[in-house]
Amino acid sequence: MPRNKVQFQKGLSFVEFCKRYGTEDRCHAELIAMRWPDGFECPKCGGKKHSYTAIRRIFQCSACRKQTSARAGTIFHKSSTPLTKWFMAMNLITSAKNDVSSLEVSRQIGVKWDTAWLIKQKLMEVMRQRNSIYKLGGNVQVDDAYLGGERPATPGKSGRGAEGKLPFVIAVETRDGKPIHMQLRRVSGFTLEALEAYAAANLEPGSWVISDGLNCFPGVKKADMKHLPIVTGGGRPKHPFFKWVNIGLGNLKTAIVGTCKSLDDHHADRYLAAYEWRFNRRFDLAKNLARLARVALQTEPKPYRSIAAVRPAEVPG
Ligand SMILES: [Zn+2]
């Protein structure tokens with residue numbers, strides 16, 4: 001049987017990782033090169049002339065005297081965790097076939113579980129913010145789904161509602177029958193209004209939206225989409241039109257449910273985002289770490305209080 005090219009591609013080997021990111025100096029040099037590819041630029045006045053204190057890794061602008069570092073004003077801001085550990089965490093999170101738990105991150109990089117949890121949440125937040133700028137277009141298969149459980153096989157009296165579950169739409173853009181990009185986006189519920197708002201925010205106008213016969217999906221037409229409903233009867237549609245959303249949901253379940261004991265409202269978007277990020281970048285595993293680091297440098301600091309407003313979504317054990 002031919003091997004799946006995506007699954008068997010070469011990622012960044014441990015040896016290559018160590019060569020490139022094995023010391024604090026190397027990680028720091030990578031970060032500087034990514035943040036200022038054309039040389040240092042003062043974040044306050046844009047000045048290029050500066051002095052540099054290597055021991056503190058601090059840049060000082062010669063024009064306005066502003067002191068800054070490669071980490072300042074980014075997702076790495078004010079973290080006391082060495083960059084080598086951040087890079088190890090980024091490598092684990094981007095190269096995992098399924099989700100990697102905070103407990104696993106804490107063991108692998110040698111930090112306490114709550115530190116690992118926060119690093120992981122911050123990196124998933126980077127992924128969430130970057131994902132949110134992309135829209136799907138062309139032919140888009142969509143389906144309704146819930147985090148925290150499958151929808152009932154036979155819709156009951158109240159439709160497919162599921163108590164205490166978090167509703168989201170899974171959407172897969174296809175070309176010539178092949179999946180191109182996937183999106184996993186939370187919705188307030190499965191109503192016409194919610195689907196209109198979902199489509200306006202996440203899909204290119206004029207796209208063909210292919211769904212089953214659930215009566216919320218025609219809502220996308222109000223957001224200038226074309227809608228093709230395929231009525232399949234109760235339960236999850238087996239029609240080939242839904243092949244990719246079905247595969248995506250099956251894999252998502254393995255990826256997220258295995259590592260999280262419970263998911264709550266506050267953190268669910270980040271878990272969905274991490275899965276979406278990995279799926280959409282599945283063709284180039286080796287570059288995935290550098291890609292995440294580059295986007296992390298463009299992401300504003302996310303202090304603990306804004307991440308952990310509610311209890312952690314993962315419980316170690
Ligand atoms: Zn300056």
Side-chain angles (χ1 to χ4, degrees), residues 5-41 43 52 54 57 59 68-100 102 104-106 108-111 115-116 118-134 180-183 255 270-302:
K5 277 188 191 154
V6 175
Q7 283 183 12
F8 285 88
Q9 69 179 299
K10 268 172 77 176
L12 188 67
S13 75
F14 186 59
V15 173
E16 283 166 310
F17 175 85
C18 292
K19 230 189 265 173
R20 192 154 179 187
Y21 307 107
T23 68
E24 199 61 16
D25 281 343
R26 279 185 206 149
C27 291
H28 195 248
E30 286 279 346
L31 224 53
I32 291 173
M34 283 177 189
R35 184 160 182 184
W36 296 298
D38 302 317
F40 174 81
E41 193 173 289
Y52 180 63
R57 304 188 199 280
F59 292 84
T68 192
S69 71
R71 290 179 176 222
T74 76
I75 206 79
F76 308 110
H77 191 74
K78 285 195 176 161
S79 162
S80 56
T81 305
L83 284 177
T84 42
K85 299 194 176 204
W86 274 96
F87 274 82
M88 281 166 78
M90 286 192 279
N91 197 36
L92 283 170
I93 290 169
T94 52
S95 65
K97 186 166 178 292
N98 294 324
D99 189 32
V100 52
S102 307
E104 186 66 21
V105 174
S106 95
Q108 295 269 350
I109 74 174
V111 297
T115 305
L118 188 59
I119 286 176
K120 189 184 163 201
Q121 293 294 328
K122 285 185 180 185
L123 293 173
M124 294 197 302
E125 175 62 18
V126 169
M127 294 167 155
R128 188 194 68 76
Q129 289 189 22
R130 178 48 59 114
N131 290 349
S132 69
I133 65 176
Y134 297 114
I180 306 296
H181 292 114
M182 177 189 287
Q183 256 183 5
R270 292 191 208 109
Y271 286 90
L272 291 177
Y275 183 78
E276 183 180 317
W277 171 288
R278 280 192 291 263
F279 182 89
N280 290 337
R281 288 158 186 81
R282 66 198 178 282
F283 293 117
D284 205 351
L285 278 183
K287 288 194 184 138
N288 220 337
L289 161 63
R291 213 175 255 170
L292 180 61
R294 209 164 282 130
V295 184
L297 283 170
Q298 295 160 16
T299 307
E300 294 200 342
K302 198 81 185 152

Rounded to the nearest 0.5 Å, how far apart are CD of E300 and NZ of K302?
9.5 Å
Sequence neighbours excluded, the answer for ring pair (Phe, Tyr, Trp, His ring centres under 6.0 Å) partners of F40 is W36, H50, F59
Among all residues two or more places apart in sequence or in another chain, which pass the salt bridge (charged side-chain N to carboxylate O under 4.0 Å, His left out) test with R278?
D99
d(T94 OG1, M127 CE) to nearest 0.5 Å is 6.5 Å
Excluding sequence neighbours, so at least two apart, what forms side-chain hydrogen bond (donor to acceptor under 3.5 Å, both in side chains) with R20?
E30
Can a donor-acceptor pair be found, under 3.5 Å and without considering hydrogens, that links the side chain of E24 to the backbone of T84?
yes
Rounded to the nearest 0.5 Å, what's the gap from CG on N91 to CG on L292? Could you check?
10.0 Å
Please report the shortest heavy-atom distance between I109 and M88, naming the atom on each side.
CG2-CB, 3.6 Å
Show, in sequence, the C-alpha distance, side-chain angles and deciding distance for K85 and V111, and conclude whether the side chain to side chain contact (heavy atoms under 4.5 Å, CB included) test is met.
CA-CA 8 Å; K85 299 194 176 204; V111 297; 3.7 Å; yes
Residues forming a salt bridge (charged side-chain N to carboxylate O under 4.0 Å, His left out) with K19, sequence neighbours excluded
none
Which value, rounded to the nearest 0.5 Å, describes the distance between L123 atom CG and I93 atom CD1?
4.5 Å
Contacts of N131 that satisfy side-chain hydrogen bond (donor to acceptor under 3.5 Å, both in side chains) - sequence neighbours left out:
none
Atom pair CE (M124) and CG (L272), whose distance is rounded to the nearest 0.5 Å:
10.0 Å
How would you list, by chain and number, every residue that makes a ring pair (Phe, Tyr, Trp, His ring centres under 6.0 Å) with Y134, sequence neighbours excluded?
none
Measuring from atom CD of Q121 to atom CZ of R270, what distance do you get when rounded to the nearest 0.5 angstrom?
5.0 Å
Show the nearest heavy-atom pair for residues A116 and S102, with the distance to one decimal.
CB-O, 3.5 Å
Partners passing side chain to side chain contact (heavy atoms under 4.5 Å, CB included) against N280 (at least two apart in sequence or in another chain)
H181, M182, E276
Answer with yes or no whether the side chains of Q129 and E125 bring together a donor and an acceptor at under 3.5 Å.
yes
So, the side chain of R35 versus the backbone of A70: is there a donor-acceptor pair under 3.5 Å, distance only?
yes
S69: what forms a side-chain hydrogen bond (donor to acceptor under 3.5 Å, both in side chains) with it, not counting sequence neighbours?
none
Could you go through residues 73-80 and list every donor-acceptor pair under 3.5 Å that involves a side-chain atom there, pairing it with any protein atom two or more places apart or in another chain?
unit_1	atom_1	unit_2	atom_2	d
T74	OG1	R71	O	2.7
T74	OG1	F76	N	3.0
H77	ND1	G73	N	2.8
S79	OG	T81	N	3.2
S79	OG	W86	NE1	2.9

Working for side chain to side chain contact (heavy atoms under 4.5 Å, CB included), residues K122 and V126:
CA-CA 6 Å; K122 285 185 180 185; V126 169; 5.8 Å; no
Salt bridge (charged side-chain N to carboxylate O under 4.0 Å, His left out) with R291: which residues, sequence neighbours excluded?
none
F17 vs F14 aromatic rings, parallel, tilted or perpendicular, using cut-offs 30° and 60°?
parallel
Sequence neighbours left out, what passes side-chain hydrogen bond (donor to acceptor under 3.5 Å, both in side chains) with R294? Give chain and number order.
none
Sequence neighbours excluded, the answer for side chain to side chain contact (heavy atoms under 4.5 Å, CB included) partners of A293 is M34, F87, M90
